[in-house]
Amino acid sequence: SGSSAAAPLPEEDCMKLNPSFLGIALSSLLAIDLWASKRLGVCAREGSAWGSARPLMKVIEVSGHGIPWLLGTFYGLCQSDSSAAREVLLNLLFALLLDLVLVALVKGLVKRRRPTHNKMDMFVTISVDKYSFPSGHATRAALVCRFVLHHLVLAVPLRVLVVLWALIVGVSRVMLGRHNVTDVLFGLLLGYALYSVVEYCWLSPLNAPALFALW
């Protein structure tokens with residue numbers, strides 16, 4: 001009697017002796033990201049290496065938070081008596097709202113947890129803020145930086161300060177332990193690209209008369 005062929009094992013029971021190069025590369029990058037993020041989280045807690053600098057890092061955190069930017073932009077829009085200034089401020093408000101929605105969507109889809117060494121004492125959070133990828137602060141900082149440099153006439157020292165502010169906001173997210181390095185890098189790239197979307201969809205009295213009629 002002939003012996004029947006052995007039935008193949010289910011895929012989940014098979015040992016992958018030859019994992020793909022892509023899988024190895026991604027696992028290695030993830031491990032490096034987690035290791036570097038933990039080593040750089042020097043202000044994550046009061047007892048951390050640079051714990052004394054934590055209050056300063058939290059001030060920087062607030063400077064990149066969405067609420068101060070939204071309230072400040074809305075207030076400026078209501079107080080402005082120049083049509084050109086209102087157009088710029090209205091588009092900045094549009095950019096900030098678009099940033100909030102996009103970051104929330106990506107966080108909800110990816111659902112990457114914040115670093116384990118993070119202390120959950122963040123300034124005004126919502127439900128998706130328990131997720132880490134991407135960094136909303138980094139996205140907003142890059143977006144605002146490009147917007148300000150393109151639409152405000154600033155002296156060179158002030159332009160340098162704006163760029164430094166955006167970079168410091170991104171670095172502070174890792175130092176505080178709020179985000180991993182890749183969260184911040186992707187956030188900066190996303191914010192930089194998001195500005196191009198805002199420019200493409202620029203609101204003006206010609207294409208959005210109803211909005212400008214409110215002010």
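Reckoned from all heavy atoms, side chains included, excluding hydrogens, waters and symmetry mates.
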Within 45° of the axis and under 6.0 Å from the centre of the six-membered ring of Tyr131, does NZ or CZ of Arg114 qualify? no
In Å, rounded to the nearest 0.5 Å, how long is the span from CE of Met57 to SG of Cys43? 5.5 Å
Start with the C-alpha gap between His150 and Tyr195, add the side-chain angles, then the distance that decides, and say whether ring pair (Phe, Tyr, Trp, His ring centres under 6.0 Å) holds. CA-CA 10 Å; His150 279 78; Tyr195 172 77; 5.0 Å; yes
Show me, pair by pair, the donor-acceptor contacts under 3.5 angstrom made by side chains of residues 90-98, not counting sequence neighbours?
from	atom 1	to	atom 2	distance (Å)
Asn91	OD1	Leu203	N	2.7
Asn91	ND2	Glu87	O	2.7
Asn91	ND2	Leu203	O	2.8

Between the side chain of Arg140 and the main-chain N/O of Gly191, is any donor-acceptor distance below 3.5 Å? no
For Arg146 and Glu199, run salt bridge (charged side-chain N to carboxylate O under 4.0 Å, His left out): C-alpha distance rounded to whole Å, both residues' side-chain angles, the deciding distance at 0.1 Å, then the answer. CA-CA 11 Å; Arg146 280 196 77 187; Glu199 281 289 292; over 6 Å; no
Can you classify the ring geometry of Trp165 versus Trp69 as parallel (below 30°), tilted (30 to 60°) or perpendicular (above 60°)? tilted
Of Val163, Leu161, Ile60, which meets side chain to side chain contact (heavy atoms under 4.5 Å, CB included) against Ile168? Ile60
As an exercise, state the distance from OH of Tyr192 to SG of Cys145, rounded to the nearest 0.5 Å. 9.5 Å
Evaluation steps, salt bridge (charged side-chain N to carboxylate O under 4.0 Å, His left out), between Asp81 and Arg86: CA-CA 8 Å; Asp81 56 359; Arg86 284 198 297 271; over 6 Å; no
Identify which one of Val197, Thr139, Val144, Val198 satisfies the side chain to side chain contact (heavy atoms under 4.5 Å, CB included) criterion when paired with Asp99. Thr139
Determine yes or no for a side-chain-to-main-chain donor-acceptor pair under 3.5 angstrom, with Asp33 supplying the side chain and Val181 the backbone. yes
Rounded distance [0.5 Å steps], CG in Asn180 versus CG in Leu40: 10.5 Å
Could you tell me whether Asp183 and Arg173 make a salt bridge, using a distance below 4.0 angstrom between a side-chain N and a carboxylate O? no
For Val169, is there any backbone N or O sitting under 3.5 Å from a side-chain donor or acceptor partner on His137? no
Quick check on side-chain hydrogen bond (donor to acceptor under 3.5 Å, both in side chains): which of Arg113, Arg178, His179 does Asn118 satisfy it with? Arg178
Which side-chain hydrogen bond (donor to acceptor under 3.5 Å, both in side chains) pairs, counting each pair once, include a residue from residues 42-51, with sequence neighbours left out? Glu46-Lys119
